[in-house]
Amino acid sequence: MNQNIDKLYKIAQKEERSIIGLMSGTSMDGLDVALCKFRGSGGDTEVSIVAFETVSYDEEIKDEIRKIFAKSTIEFQQLCVLNPWIGNLHAEIINDCLKKWNISADDVDLIASHGQTVFHAPKILHGLEKFPNATLQIGDGDHIAVKTGIITLSDFRQKHCAAGGEGAPLAAYGDYLIFSKRSENRILLNMGGIANFTYLAGNLDANEVFATDTGTGNTLIDAYVKKHFGIPYDEDAKIASKGTVNQVLLNELKNNEFFEMPFPKTTGPELFNLKYLTNAQEKSQTLELSHEDILATLCRFSAETIAEAILQFKSDSYKVYGSGGGVHNPLIMSNLQEVLPNFDFQKTDDLGISGDAKEAVLFATLANEAIAGGQTDFGSRKGVPSVSMGKVSFPN
């Protein structure tokens, strides 16, 4: 047997596995690195976070990614060279974290790398009849494996597309394995650049797990403050809180066929970008609004589209556990509580998993399931295919 396959086999047989989960989202603010300990798999999965770090990207890194991010026309060489460059960058960050944590690479079984999304093109967005759902994440797994010496799983979203999904959201799988609780119906709401939620039934039936994107989370807000204020985000909604929601602009922002499409569905900055905002302002004749009013309206836009999607799916009230950058935006959270007054809002921190670390932990969970599990049947519904995800890269 090849020594790499033998090592992978032995990892799968271990009672406890040490897995590093990586996540870099559409906000491109940095890389989340979560070192996790796993016992079991499937419905018996137990996970704990040993160490967690968010390593911010400097402007040079962000600028290089922006040259191709969510753009239909790019310089192809830039995409080609960025793929290994991001992989090497992520490997360096992992090595630095392990050194900081005083942990040897030999003590880590696997790396689970989401990569950096540069374009998301489900069929509902690209509209090209002969082409399938598509998505692209860069940060080559082979480069990560070679530079760290650790077996790496990456490119998780391709299997989801191949099996009939849209490549997102993948949270349904990890949310079910980690956060399901008997006798309590839960909604796991993640508000990153794009917002999505997972419904978990209290009967623990995997066939009832449901996940969908709802629309924009922070992506429009972040893009707007970067352009007009030169800052990465509106900390604590200090700017937006000074403004007033403009109902005419809000109505136009919500006037898009995406919000009428059936669940499950996915989207990205390819749709929700500053051009989308400008078009809505032009149509609603609100080009002269103050920055504060626009940001207040964008916060309300995120909150209302999230709430309307949840209510469209389930009209009953549930406990909602939030994660992602949006939970740190008090204006979005207060708006959500206003439009969903019967829902109990908490954070995934209350369930033992930091909301900031959650997505990195979820990809570590997918890697654990790919190597040691894969027996959970999610049924054959659209958007939630029963598949193991992740391509394996060996260090040698």
Side-chain angles (χ1 to χ4, degrees), residues 23-31 54 56-74 116-121 125 135-137 168 190-196 213-243 245-246 249-250 252-256 258-259 266-284 286-306 324-332 335 359:
M23 182 65 197
S24 179
T26 54
S27 60
M28 297 183 294
D29 50 358
L31 182 68
T54 295
S56 299
Y57 288 158
D58 60 32
E59 284 304 312
E60 178 192 3
I61 296 170
K62 295 178 184 179
D63 287 343
E64 293 294 346
I65 297 172
R66 288 188 189 113
K67 291 177 183 178
I68 63 170
F69 180 73
K71 293 182 178 179
S72 57
T73 302
I74 63 169
Q116 176 64 58
T117 296
V118 291
F119 206 89
H120 186 57
L125 287 185
T135 188
L136 182 62
Q137 289 71 43
N190 181 66
M191 293 176 286
I194 297 299
N196 61 73
D213 284 352
T214 66
T216 183
N218 308 308
T219 188
L220 279 175
I221 300 166
D222 292 349
Y224 192 85
V225 296
K226 177 174 176 54
K227 177 179 179 180
H228 295 283
F229 295 90
I231 55 178
Y233 60 95
D234 182 12
E235 185 176 2
D236 296 327
K238 292 176 182 176
I239 303 172
S241 296
K242 298 176 183 177
V245 173
N246 184 282
L249 174 58
L250 178 60
E252 190 57 49
L253 286 168
K254 293 167 67 176
N255 183 25
N256 187 278
F258 171 79
F259 299 111
T266 63
T267 189
E270 294 78 13
L271 173 62
F272 294 110
N273 48 43
L274 290 181
K275 182 179 179 181
Y276 183 91
L277 172 60
T278 300
N279 288 342
Q281 287 184 267
E282 290 174 348
K283 291 178 181 178
S284 59
T286 55
L287 288 169
E288 302 305 317
L289 285 180
S290 69
H291 296 318
E292 291 79 6
D293 287 353
I294 289 174
L295 287 170
T297 305
L298 290 177
C299 287
R300 187 73 181 191
F301 175 47
S302 293
E304 287 197 6
T305 50
I306 289 169
V327 299
H328 302 301
N329 184 312
L331 190 53
I332 290 180
N335 282 331
E359 286 196 281

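Quick note: numbers below take in every heavy atom, side chains included, and nothing from hydrogens, waters or symmetry partners.
When every heavy atom of Ala280 is checked against every heavy atom of Glu252, the shortest pair comes out as O-CG, 3.4 Å. Closest approach of Gly243 and Ala296 over heavy atoms only: C-CB, 3.7 Å. Minimum interatomic distance between Lys238 and Lys242 (heavy atoms only, all atoms of both residues): O-CG, 3.5 Å. Scanning both residues, Asn273 and Glu270, for their nearest heavy atoms gives ND2-O, 3.3 Å. Of all heavy-atom pairs between Phe301 and Leu220, the closest is CE2-CD1, 4.0 Å.
At least one side-chain heavy atom of Thr305 sits under 4.5 Å from a side-chain heavy atom of Lys254. Using a 4.5 Å cut-off on side-chain heavy atoms (C-beta onward), Thr54 and Asp29 make no contact. Taking the side chain as every heavy atom from C-beta outward, Phe69 and Thr26 approach each other to under 4.5 Å.
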Practice item. Decide side chain to side chain contact (heavy atoms under 4.5 Å, CB included) for Val118 and Ile74; before the verdict, give the C-alpha distance in whole Å, the side-chain angles of both, and the deciding distance to 0.1 Å. Key: CA-CA 11 Å; Val118 291; Ile74 63 169; over 6 Å; no

Practice item. Start with the C-alpha distance between Asn329 and Asp234, add both sets of side-chain angles, then the distance that settles side chain to side chain contact (heavy atoms under 4.5 Å, CB included), and finish with yes or no. Key: CA-CA 8 Å; Asn329 184 312; Asp234 182 12; 5.7 Å; no

Check your understanding: For Leu271 and Phe258, what are the C-alpha separation, side-chain angles and deciding distance, and is it a side chain to side chain contact (heavy atoms under 4.5 Å, CB included)?
Key -> CA-CA 9 Å; Leu271 173 62; Phe258 171 79; 4.1 Å; yes

Review point. Can you list the steps and then say if Thr216 with Tyr276 is a side chain to side chain donor-acceptor pair (under 3.5 Å)?
Key: CA-CA 11 Å; Thr216 183; Tyr276 183 91; over 6 Å; no

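Using cut-offs of 30° and 60° for the angle between ring planes, the Tyr224 and His291 rings count as perpendicular.
Atom CZ of residue Arg300 and atom CG of residue Leu249 lie 13.5 Å apart, to the nearest 0.5 angstrom. Atom-to-atom distance recorded for Ser24:OG and Leu31:CG is 6.0 Å, nearest 0.5 angstrom. The structure places CD1 of Ile194 at 9.5 Å from OG1 of Thr266, a figure rounded to the nearest 0.5 Å. Between Ile239 atom CD1 and Leu331 atom CG the span is 12.0 Å, to the nearest 0.5 Å. Between atom CG of residue Asn335 and atom SG of residue Cys299 there is a gap of 7.0 Å, rounded to the nearest 0.5 Å. Residue Met191 holds its CE atom at 14.5 Å from OG1 of Thr219, rounded to the nearest 0.5 Å.
A salt bridge links Arg66 with Glu59: the distance from a Lys NZ or Arg NE/NH1/NH2 to an Asp or Glu carboxylate oxygen falls below 4.0 Å.
In summary, of the residues considered (Thr286, Ile294, Asp293), a side-chain contact (heavy atoms from CB on, under 4.5 Å) with Asn246 occurs for Thr286 alone.
Side-chain N or O atoms of Ser302 include one that pairs as donor or acceptor with a backbone N or O of Gly217 at under 3.5 Å. At least one donor-acceptor pair under 3.5 Å links the side chain of Asp58 to the backbone N or O of Ile61. With hydrogens and angles ignored, the 3.5 Å screen pairs a side-chain donor or acceptor of Gln116 with a backbone N or O of Gly25.
Residue Tyr57 places its OH atom among more than 12 non-hydrogen atoms of other residues, nucleotides or ligands, all under 6.0 Å distant.
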